[in-house]
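Each chain gets a letter, A, B and so on, in the order its sequence line appears, and its residues count up from 1.
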There are 2 protein chains.
Amino acid sequence: MSLFLSSYENRLDTKGRISVPASFRASVANERFAGVVLYRSFTNNCIEGLSMSRMEQLAAATDKMGVFDSELDDLSAMLFADARPLSFDVTGRIVIPADLLKHAGIKDTAVFVGRGNSFQIWNPEAFKKAQEKSLNNLRSVRPNLILS
Amino acid sequence: MSLFLSSYENRLDTKGRISVPASFRASVANERFAGVVLYRSFTNNCIEGLSMSRMEQLAAATDKMGVFDSELDDLSAMLFADARPLSFDVTGRIVIPADLLKHAGIKDTAVFVGRGNSFQIWNPEAFKKAQEKSLNNLRSVRPNLILS
DNA sequence: TTATAAACCATAAAATACCATAAAATAATT
DNA sequence: AATTATTTTATGGTATTTTATGGTTTATAA
C-alpha cells in the first residue's frame, strides 16, 4: 500500500456518492478489498479513512492483547463498531453514510486529505481552519520527528 | 475470515427470527459451518458472536493453558458449554435462544456490533449507553495500540 | 395430536451495478 | 513549443440486484 498524499476537493451527488481521488484509489489497488474503511474521528469533526489491510493490521494487534482485556473492549468497541467498509463502484465512487457526513459537517463538497498511511475527509471550510491552526501550532512548538 | 465491522440494527419477528447482517454473513462465507456461534458475554449484558473457525482458534489457545488449570475450567465451562452454534436459514436469519435474549435484554430489536474478529448483539439502548461510556474512557486514557 | 421447528414463498426498500458524458489530464504529433 | 489526439477522471442518471422482513406451508418431535 503506497501513501495517501495531497488533498482533493470533490463533490457529493444527490445520493451521497463521491469520487475517491484516483491517487487514493491507486494506493489501495492490488488489495483484496477494493475500497476503503471509514469511521468517525475520535478527536476531530472529520472522517478517518484506512485501507482494509490496515484495519486487519489493527485487528491482529488487538489479538496480541488478551482476548478478554478490558482496555481492548473500549478500543474495539469504538473502532470496529463504527468502521464502515465501503467498496468502490466501477467509476471509483463510494457512498458515505449519512451519520458520518453529519459528524464531519459535510454537505455537498468534501476534501480528501492525505495522512500518509491513512487519510481524512473534511468539510472544506473546517479543513482550512484546522490547517491554519496546525500551522500555528507547528510554529510555536517545533516537533521532533526521529527517523531511525 | 474477514473482519466483522460496523453496526446494524435489525428486528426480531414473532418467531424470534432475525437477519444476520449481510456483511457479517459474508465474513463467515466459505467456512465449513454456515452460521455463527453465540454465547453470553462474561463482562457485558450482551451476546458474543464468533465464526466456528474462530471458536476453534480459541480452543487451540486454551490448550496452551495447563490442562488442569482451574481458570481454564471456568473458562471452558462458560465458553464451550454455553456456546450455541446457529446456522443461517436460506435468507440469512438465525433464531437466538431465549436465554441469550434475556441475558442481553433484547425484546424486538437488536444491534449487531462488529468487533473485528468477533461481534456482539445488544439491546439498542444498552448499546448506545455502552458506546458513550467507551468513548469517554478512550478520551481520558488514550489507548496505545502498537502496530509493529 | 399438538406444539415446535424448519423449509418455502413473497415483497418493499435499500443498496449496488450499469450506462452515458463532460471536463481534465496526459500523451503524441507537428 | 504549440496543437491535436487520446486517455483518465469526475459526475450525472437509470436499471438491476440484494437485503431485510413478513407470512404460509411442510416436516419433526414430544
> Evaluate side chain to side chain contact (heavy atoms under 4.5 Å, CB included) for Ile94(B) paired with Leu38(B), printing each intermediate quantity in order.
CA-CA 11 Å; Ile94(B) 56 172; Leu38(B) 302 187; 4.2 Å; yes
> Could you tell me which non-hydrogen atom of Ser134(B) sits nearest to which non-hydrogen atom of Asp74(A), and how far apart they are?
OG-OD1, 3.0 Å
> Do Val95(B) and Val28(B) sit in the same hydrophobic cluster, where Ile, Leu, Val, Met, Phe, Trp and Tyr count as joined when their side-chain heavy atoms come under 4.5 Å apart?
no
> Could you pull out all residues at least two apart from Phe119(A) that satisfy ring pair (Phe, Tyr, Trp, His ring centres under 6.0 Å)?
Phe4(A), Phe24(A)
> Which nucleotide span of DNA chain D, 5' end to 3' end, has atoms closer than 4.0 Å to non-hydrogen atoms of chain A?
dT9(D) to dT14(D)
> Minimum heavy-atom separation for Asn45(B) to His103(B), with atom names?
CB-O, 3.7 Å
> One character per nucleotide, please: for nucleotides 6-22 of chain C, 5' to 3', B when the base has a protein heavy atom closer than 4.0 Å, S when only the sugar-phosphate does, - otherwise.
BBB-------BBB-B--
> Can you tell me which residue pairs pass the salt bridge (Lys or Arg N to Asp or Glu O under 4.0 Å) test with a partner in residues 95-109 of chain B, sequence neighbours excluded?
Arg84(B)-Asp99(B)
> Reading DNA chain D from 5' onward, which residue's closest nucleotide shows up sooner: Arg25(B) or Ile18(A)?
Ile18(A)
> Of the non-hydrogen atoms in Pro85(A) and Ser6(B), which two are nearest, and what is the gap between them?
CD-CB, 4.4 Å
> Which angle, to the nearest 10 degrees, lies between the helix axes at the two ends of the helix from dT1(C)-dA30(D) to dT30(C)-dA1(D), each defined by five pairs?
40°
> About how many Å separate CD of Glu48(B) and CG of Asp82(B), when rounded to the nearest 0.5 Å?
11.0 Å
> With a cutoff of under 4.5 Å between side-chain heavy atoms, which Ile, Leu, Val, Met, Phe, Trp and Tyr residues group with Val111(B)?
Val113(B), Trp122(B), Phe127(B)
> How many angstroms lie between CZ in Phe33(B) and CD in Glu56(B), if you round to the nearest 0.5 Å?
10.5 Å
